[in-house]
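Notes follow the structure.
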Amino acid sequence: MNRKLVGLAGAVITALLASATVAVAPANAANGCESNNTDVLIWTDLDRAQAYKAWALVFNRKSTSICVTVIGKDGGKDKLATVADIDAPDLFLSAHDQIGSLQSTGTIQSFTITNKSEFDARDKQACTLQGGGTYCLPMTVENIALFRNVKFVPKAPATMTAMLADSAKFIKGHKTAKYTLGVSPGDAYHMYPLFSGLGGYVFGGKAGAWKPTDIGVANAKFIKNAPQIDTWYSKKLINANVTGAQSESDFIAGKIPYLITGPWNLDKLRLANVNYAISAFPTIVPGIKSVPFYGVQGMMLTKWASPAKHDNKTAALTVLTGINGLARKDAQLLLSNSLIRTPANMKARASFRDEDSSAFLAAGIGGIPMPSIPQMGLFWSDVATAWKPTVAKPKAVARFKTASAAMKSGH
Amino acid sequence: MLGILIKILLLGFVDATSLWAGTFLLAMHNYLALGVLAVATLAINYVYLSKRSRASRWLIPGTILLLIFQVYPVIFTASTAFTNYSTEHYLSKPEAITRIMSNTIVQVDGSPEYLMTVVHKGQTMALLIADVETGEVQLATSGGLSAVKDGQVDADGKPLAIAGWKAYTGDEALNLGDTLANFRSPMGDGHFMAPIGVDSAAESQSLLKYDSAKNILTDTTTGDVYTEKQGAFYAPDGTMLTPGWHVAVGFQNFRAILNDNTIRGPFVRVLVWTFIYAFLSVVITFILGLALALILNHPRIKGRKALRSILILPYAMPGFLSVLIWAGLLNDDFGAINQVFGSHIPWLTDPFWAKVATLLVQLWLGFPYMFLITTGAIQSIPAELAEAASVDGAKPRQILMKIKLPLLMVSVTPLLIGSFAYNFNNFGGIYLLTGGGPAMEDSPIAGATDILISYTYKLAFGAGHGNDYGLACAISILIFFIVATVSTISFTRTRALENLS
């Protein structure tokens, strides 16, 4: 065979393969955008993607020069660490407590919420880090509350004594019941109302200015009240081996009268045909309010929305706080109505109506924003361990003292 | 002819992939990687097109895979162990300073909300801003702010263009890019009016100032000076300014492992349990696998093929799923095992029983593998040997212990060592089942069932400071030395067995 011919064939095939591997740019047709628009990419979690996509259609119609695309991704925070620049989002929706670690990796940047007077102080604080920068735009707010099955407990318990009495009555009628309050003790987030009700706190200071060295996991007041925890286990109010999923299915099946959960389970509970009611947490120690962690879903501005990367920071900021942007009443109300979550924008909140959401909001009064500093990771692991009795450490006081020492040592 | 065609197609594919990758590297200005790619591609083409390099043709694919999947990760792990690469030290220094300086711009407390229209007079750009509360319009130029008399706003509250200035449309304003984003209109006192997007603006200030000559940051309000220390700026009171950047820290990670009491304290206990766990996992799975293989090798057993297939099932299921299912089955109060047997064994909360649970689950997951390899090995032993032995008067038990087992061990021992190394680092088998728990008295991190690798994971990724890759790499290097020592000793011993055959 002619050598030249072989060489030529090789070159032609290489060229053909090369042209086949060069990707064709994806079309924006689905968003109703024109081709010369500046692109802004938003990542939300899978559950919220649909609502944000619907909002993006409205925004893209109003704003002729920007094209917003929404992609739903679960585990988005981890994916941000490895995503290629070309696929990376400009805006990222996540719980506000992620801003600490995302800021320290340089993944998100601070920005200004121009209409900040329309937001509640607590929501703005949640999005603030040491140094004063704002790292997320509060979109919807959320906290956990106490659910009860009205069939077993007609009246919300105002105190822990009342709750324990209800619990004892329930166990009398259901001999096989191993617990009555549906919550996983290995989950420091869902256990926080009980922790705060006993006088515990995580860090001193306040949101945006936490003092990581002032750790309140074993403060004197809490330690004085902590023996009550042992009673809750012995009276079968809570059970150390319960997982979150199990408590939800037991509540739905009518096997337990109480459940601690948040608005993310509303859909499931509404479909389940359980006659539930939502209320605030009972007072455990007179004079101390039992409050949950308070959280906001915040829209963050990533490092990719910058001149060196996607070169669209101005467009991304316009999507955030422009007159048709996510910070404004119309956008927040639209999103809140489709997500059934309380909007953060107070003007939108005034027009938002949902009974369950109002009950959640009421249960969250006085709740502190979940600390977003990196040291919070210690709380999640150490306090989760402290809640669960072991053969070696059956007493709560000893376990919380260990947890406190561990947090102070930085582990 | 067909050979040439396949060769052209494969080489064409390699060259096309290189071209495609090269365009990306060129766009990222990564010239070092581009050079490596070009040299590698040329070398591959030379080797397969030249007649002189016949031998290398067989070596090249293996060498490339070795470089990518073995050599590179080893070099990367070893070099990372000597850096502070972690959540707070993720960027390079210039990136970190750019990020710090951009994060330090904040809105001035108590300043009003402004809507904005970007305007221009020829090449000169300016911002028309309207106070949302009062409707008062001002013109912000690079020289400063001036009031606009009788300024008008549209329905949204955005200011309308004024005489002498033309408004940019949304598209035009976006296309201004950096010119608009970096526009500042000084307001005195270090404050300035800055655009936020294309239709709003805010009175802003920079809280920190960077002095690149002295390499310090100064707080513009308090005058505090931030100085550099090991990959980050620190305030006078010792608080770290995030983000930091990654720098070489020498043996610091190794020193941390040796000096930190919370790490060192439970280390010996964890190490001992790791050896026990890995050793027992191998022994019990091997004994069960071998027993089943011997039984199912007997010609009088009916339906051997079907039974063998069923026994392999636990191996065919994804291990992670099985472990998670077992975690549910073993739940002390609600698990199927305690409920079915009416027992109250604290499988996951008692240190002893949790260890038993991890071994039981490993037995379930691991015996099919041992069953498979021993079945193969038994079948490869010539039947004449057993016949000869029985002619010589050996009893079945003697044939098994003196003939079959020693021959079996020759081929199986290397696999047992491999299995030991695997179980030594069997992260999923521990972490997904017990999470290393239950918690122990001596350590907030290491639980009763933690093995080295799960302990490492908790130390490096589970504790409060995000992900500490440097520390994780340092511990992996230590684990590598432990496993390597054990394997070397075992392999030397195995040679003695080989003399048997």
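Every chain is numbered from 1, with letters handed out A, B, ... down the list of sequences.
Contacts of A/Ile108 with chain B are made by backbone atoms alone, with heavy-atom separations under 4.5 Å and no side-chain atom involved. There is no contact between B/Val118 and chain A, counting heavy-atom distances below 4.5 Å. With a threshold of 4.5 angstrom between heavy atoms, A/Thr385 approaches chain B through side-chain atoms but not through N, CA, C or O. Interface residue B/Ile196: backbone and side-chain heavy atoms are both found under 4.5 Å from chain A.
Looking only at distances, no side-chain donor or acceptor of A/Thr390 sits under 3.5 Å from a matching main-chain atom of B/Thr349.
Contact count versus chain A (heavy atoms, under 4.5 Å) is highest, among B/Asp350, B/Thr242, B/Ile100, B/Leu115, for B/Thr242. Here A/Pro307 is the residue among A/Pro307, A/Ala403, A/Ala398 with the most heavy-atom pairs under 4.5 Å with chain B. For the set B/Asp156, B/Asp178, B/Leu176, the entry with the most heavy-atom pairs within less than 4.5 Å of chain A is B/Asp178. In terms of non-hydrogen atom pairs under 4.5 Å with chain A, the most contact-rich of B/Asn331, B/Thr98, B/Val106, B/Thr169 is B/Asn331. Among A/Thr114, A/Leu317, A/Thr112, the residue making the largest number of heavy-atom pairs under 4.5 Å with chain B is A/Thr114.
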Side-chain donor-acceptor contacts of residues 128-136 of chain A below 3.5 Å, not counting sequence neighbours, with atom names and distances?
| unit_1 | atom_1 | unit_2 | atom_2 | d |
| --- | --- | --- | --- | --- |
| A/Thr128 | OG1 | A/Lys124 | O | 2.7 |
| A/Gln130 | NE2 | A/Trp210 | O | 2.8 |
| A/Tyr135 | OH | A/Gln103 | NE2 | 3.3 |
| A/Tyr135 | OH | B/Asn103 | ND2 | 3.4 |

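Pairs engaging residues 94-112 of chain B under the salt bridge (charged side-chain N to carboxylate O under 4.0 Å, His left out) rule: none recorded [sequence neighbours left out].
No side-chain heavy atom of A/Asn241 sits less than 4.5 Å from a side-chain heavy atom of B/Leu348.
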